Engineer: 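Below: one structure in structure tokens.
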Protein chains: 2
Amino acid sequence: MAATPPGDGVDAIIRQWQEVRPDLDCSPMAVIGRLSRASRLLERALKEHFAQYGVEPWEFDVLATLYRSGPPYTVSAGELSTAAMVSSAALTNRIDRLVDKDLVDRELDATHRRRVLISLTDAGIRAIEDLVEHHLANEERLLGGLAPTERKQLERILRTLLISLGDQPQTPTKD
Amino acid sequence: MAATPPGDGVDAIIRQWQEVRPDLDCSPMAVIGRLSRASRLLERALKEHFAQYGVEPWEFDVLATLYRSGPPYTVSAGELSTAAMVSSAALTNRIDRLVDKDLVDRELDATHRRRVLISLTDAGIRAIEDLVEHHLANEERLLGGLAPTERKQLERILRTLLISLGDQPQTPTKD
DNA sequence: GTCGAAAATTTCGATGTCGAAATATTAACC
DNA sequence: GGTTAATATTTCGACATCGAAATTTTCGAC
């Protein structure tokens with residue numbers, strides 16, 4: 001039997017398709033399949049890393065969104081929901097648990113009382129300041145297989161893709 | 001107020017980080033953040049598209065894995081589980097529902113009776129043959145924002161990344 | 001000013017996934 | 001050849017997410 005040609009998991013999949021259905025152009029799968037596969041692998045690696053600090057990826061996500069908004073580290077529930085790309089129901093649940101851990105506060109917006117404002121507590125600030133450096137080091141490690149040029153290219157092409165998919169800068173609630 | 005500089009959602013995030021913590025090098029986020037964001041958006045778009053045909057993405061995934069294995073379109077449960085990157089428990093559940101829909105059969109491997117073999121039924125074959133073409137057209141559409149060169153570059157860089165993350169061609173269970 | 005539509009969050013019920021334990025089968029070892 | 005370890009799948013309990021309905025507040029029309 002011939003040696004398996006080198007490549008990743010997606011190469012094998014494309015090869016299978018060409019055997020079975022040589023009439024199909026599977027090139028879109030070669031891109032989208034890799035994107036979703038890479039994302040899944042990275043998700044796992046991040047989860048594993050955060051576990052060392054007793055934190056779930058979604059916790060880091062919420063804390064980081066609050067932190068990078070700058071003092072007073074306050075963001076509305078709705079903005080957190082779109083930033084994390086999860087439903088408002090999911091976000092309510094996340095905030096419940098972060099409040100229990102005393103990492104965030106939840107209070108009604110004084111001027112627009114249907115909005116709920118979430119803020120980092122002091123403990124929350126300390127937590128994210130500690131976590132973010134480890135997180136960046138970990139992400140750096142995970143990208144270690146790419147040359148600097150490749151990273152830049154990847155970044156640029158993904159930006160183009162995101163824009164074409166309708167991704168937009170988050171507009172900080174006006175009013 | 002200055003006009004918002006152009007870019008995607010991640011550009012805005014990186015800018016926020018530089019405001020709050022100019023001492024940090026956030027460049028890894030510019031890559032990994034975009035990867036996970038793009039993957040999430042694509043997932044949604046695929047789900048929406050499949051919904052037109054009354055199908056969930058995971059159903060397509062399982063059927064496609066079976067189909068591209070070639071006649072007799074039979075794969076073990078374990079292989080399906082690793083191909084889909086979900087737990088064996090999740091896969092048992094998926095197969096249950098596909099069996100209910102008469103799209104796949106489940107039978108014990110005669111020679112290794114602890115293995116379970118999943119096969120496409122005739123209806124399953126017809127379903128995937130119909131779906132795959134629409135799916136490829138849809139993926140092509142979703143990638144429409146990238147120039148052919150960019151697609152090739154993206155593909156190549158993601159392959160490099162996947163390999164460095166430990167992704168491997170699936171070894172078809174040796175006996 | 002009041003009524004109804006729009007907006008923001010929470011609640012609720014359903015569902016899909018995970019990890020761990022249970023079950024069944026095969027392989028290995030002495 | 002019988003006990004033990006390894007392999008493959010299913011079952012079980014817990015949990016996070018989603019979409020839709022409910023709740024509360026704000027805005028606009030008249």
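On a predicted model such as this, the values are computed, not experimentally measured, just so you know. Chain A is the first sequence line, chain B the second, and so forth, proteins listed ahead of strands; every chain is numbered from 1. Reckoned from all heavy atoms, side chains included, excluding hydrogens, waters and symmetry mates.
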Engineer: If you compare every side-chain N and O of A:Arg106 against the phosphate oxygens of C:dT10 (OP1, OP2), does one of them come in below 4.0 Å?
Structural biologist: yes

Engineer: Send over the distance from A:Arg113 CZ to D:dT25 P, rounded to a whole Å.
Structural biologist: 6 Å

Engineer: How do A:Asp109 and A:Ser87 order along DNA chain D: which one's closest nucleotide is nearer the 5' end?
Structural biologist: A:Ser87

Engineer: Given C:dG16, D:dT17, C:dC18, identify the nucleotide with an atom nearest to the side chain of A:Arg40.
Structural biologist: C:dC18

Engineer: Establish, yes or no, whether a centroid distance under 6.0 Å links the rings of A:His134 and A:Phe50.
Structural biologist: no

Engineer: Is D:dC30 paired to anything, Watson-Crick or G-U wobble with both distances less than 3.5 Å, and if yes, which nucleotide?
Structural biologist: C:dG1

Engineer: Check A:Arg106 with A:Asp96, please: is the shortest side-chain N to carboxylate O separation under 4.0 Å?
Structural biologist: yes

Engineer: Name the orientation class of the two ring planes belonging to B:Tyr73 and B:Tyr67 (parallel below 30°, tilted from 30 to 60°, perpendicular beyond 60°).
Structural biologist: parallel

Engineer: For D:dT9, does either OP1 or OP2 sit under 4.0 Å from a side-chain N or O belonging to B:Arg115?
Structural biologist: no

Engineer: At 4.0 Å (heavy atoms only), tell me whether A:Thr82 reaches a base, stays on the sugar-phosphate, or touches nothing.
Structural biologist: nothing

Engineer: Between C:dT17 atom P and B:Leu91 atom CG, what is the distance in whole Å?
Structural biologist: 9 Å

Engineer: Could you give the CD1-to-P distance, from A:Ile95 to C:dT9, as a whole number of Å?
Structural biologist: 10 Å

Engineer: So what does A:Arg44 hit on the nucleic acid, given a heavy-atom distance under 4.0 Å: a base, only sugar-phosphate, or nothing?
Structural biologist: nothing

Engineer: Classify the side chain of B:Arg114 and the base of D:dT7 as holding, or not holding, a donor-acceptor pair under 3.5 Å.
Structural biologist: yes

Engineer: With a cut-off of less than 4.0 Å, is there a side-chain N or O of A:Arg94 near OP1 or OP2 of D:dA16?
Structural biologist: no

Engineer: From C-beta outward on A:Asn93, which listed nucleotide comes closest to its side chain: D:dA16, C:dT9, C:dC18?
Structural biologist: D:dA16

Engineer: Find which nucleotide of DNA chain D each of A:Thr111 and B:Leu117 is nearest to by heavy atoms, and output the residue with the more 5' nucleotide.
Structural biologist: B:Leu117

Engineer: What nucleic acid atoms does A:Ala89 come within less than 4.0 Å of, heavy atoms only: base, sugar-phosphate, or nothing?
Structural biologist: base

Engineer: Specify the separation, in whole Å, of atom CG of A:Leu108 and atom C1' of C:dT10.
Structural biologist: 12 Å

Engineer: Measure the spacing between CG of B:Asp11 and CZ of B:Arg34 and express it to the nearest 0.5 Å.
Structural biologist: 4.5 Å

Engineer: Do A:Leu142 and B:Met85 share a hydrophobic cluster (ILVMFWY, side-chain heavy atoms under 4.5 Å, transitive)?
Structural biologist: yes

